[in-house]
Amino acid sequence: MTLRPILIHPDPRLKTVAEPVPEITDEIRRLADDMLETMYDAPGIGLAAPQIGRLSRLLVMDAAKEEETAQPMVLINPQVTWASDMRSVYEEGCLSIPEQFADVERPAEVEVRWLGLDGKTHSQRFDGLWATCVQHEIDHLDGKLFIDYLKPMKRQMITRRMVKLKRERARG
Ligand code: K2U
Ligand code: ZN
């Protein structure tokens with residue numbers, strides 16, 4: 001397994017709509033493995049392939065609480081098939097926008113259909129933090145970041161901070 005570097009906003013690859021995965025290959029299995037390892041190492045509870053520079057519609061997540069057993073999930077070509085009218089607000093962060101947090105309102109529950117690594121079609125309803133996480137990750141597949149839901153001033157302030165952070169990191 002390999003830890004993959006996580007792209008930092010602003011980066012054009014994070015704003016690109018990812019391509020569907022045509023078939024489950026050993027390379028896709030290895031990519032999912034690397035993404036889970038990278039996610040746990042961050043640490044995070046979700047990671048989408050574009051965040052490691054791979055513009056494919058593949059995401060991993062594990063929003064299980066510490067005390068619960070880990071519940072790694074791999075969703076390929078995920079689609080939201082239903083969303084509740086009820087909405088919930090969560091203070092979101094993003095591994096591609098480090099140390100920045102803001103309230104984002106989303107549907108409280110969503111039903112998602114996806115292709116599993118087992119080659120079967122799965123469908124499940126998510127609520128709570130899982131619902132927030134899966135919507136945050138599917139947004140990544142559509143080139144959308146949580147800061148896109150914020151007012152322009154706040155979004156620009158966060159983007160300026162990330163440009164500064166990248167400059168400092170580049171100087172080493
Ligand atoms: O996609 C990502 O960048 C990983 C995100 C996923 C996420 C963001 C907001 C709300 C839920 C999930 C996070 O950085 S993972 C870090 C984290 C850990 C615990 C709770 C919320 C976020
Ligand atoms: Zn994110």
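Whatever order the structure lists them in is the order used to number ligands and atoms, beginning at 1. All residue numbers refer to positions in the sequence shown, counting from 1. Values below: every heavy atom of this structure, side chains too, minus hydrogens, waters and symmetry copies.
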Checking the N or O distance criterion of under 3.5 Å, is ligand 1 in contact with Glu92? no
Under a 4.5 Å side-chain heavy-atom rule over Ile, Leu, Val, Met, Phe, Trp and Tyr, are Ile8 and Leu145 clustered together? yes
For Gln51, counting its heavy atoms only, list the atoms of ligand 1 lying under 4.0 Å from any of them. 1 (O), 2 (C), 3 (O)
Per-atom contacts, ligand 1 versus Gly46 - under 4.0 Å to a heavy atom: 1 (O), 2 (C), 4 (C)
Separation between CG of Leu31 and CG of Leu36, rounded to the nearest 0.5 Å: 10.0 Å
Lys15 bridged to Asp148 by N-O distance under 4.0 Å: yes
Run the salt-bridge test on Glu99 and Arg161 with the 4.0 Å N-O cut-off and return the result as yes or no. no
Could you tell me whether the side chain of Trp130 reaches within less than 4.5 Å of the side chain of Asp62, counting heavy atoms only? yes
Note: His140, heavy atoms under 4.0 Å from ligand 1, region reported as side chain
salt_bridge(Asp34, Arg54) N-O dist < 4.0 Å: no
With heavy atoms and a 4.0 Å threshold, my read on which part of Thr132 contacts ligand 1 is side chain
Nitrogen or oxygen atoms of Ser96 and ligand 1 under 3.5 Å apart: no
Closest non-hydrogen protein atom to atom 18 (C) of ligand 1, residue and atom name please, with distance? Ile45 CG2, 3.9 Å
At the Zn ion (ligand 2): angle between His140 atom NE2 and Cys94 atom SG, to 10 degrees: 100°
Nearest neighbour of atom 14 (O) of ligand 1 from the list Leu95, Asp62, Ile97, Ile6, on a heavy-atom basis: Leu95
side-chain contact (heavy atoms from CB on, under 4.5 Å) for Gln100 and Cys94? Distances and angles first, verdict last. CA-CA 8 Å; Gln100 310 302 311; Cys94 183; over 6 Å; no
Of all the atoms in ligand 1, which lie at a distance below 4.0 Å from a heavy atom belonging to Gly44? 15 (S), 16 (C)
Using a strict threshold of under 4.0 Å (side-chain N to carboxylate O), is an ion pair present between Asp26 and Arg29? yes
For ligand 1, which part of Tyr90 has a heavy atom less than 4.0 Å away: the side chain, the backbone, both, or neither? side chain
Just to confirm my output: which protein heavy-atom neighbour is closest to atom 1 (O) of ligand 1, and how far is it? Glu137 OE2, 2.8 Å
Measure the distances from the heavy atoms of Gly93 to every atom of ligand 1 and state whether one is below 4.0 angstrom. yes
Do Asp142 and Lys144 meet the salt-bridge criterion of a basic N to acidic O distance under 4.0 Å? no
Report, in ascending order of atom number, the atoms of ligand 1 lying under 4.0 Å from any heavy atom of Cys94. 3 (O), 14 (O)
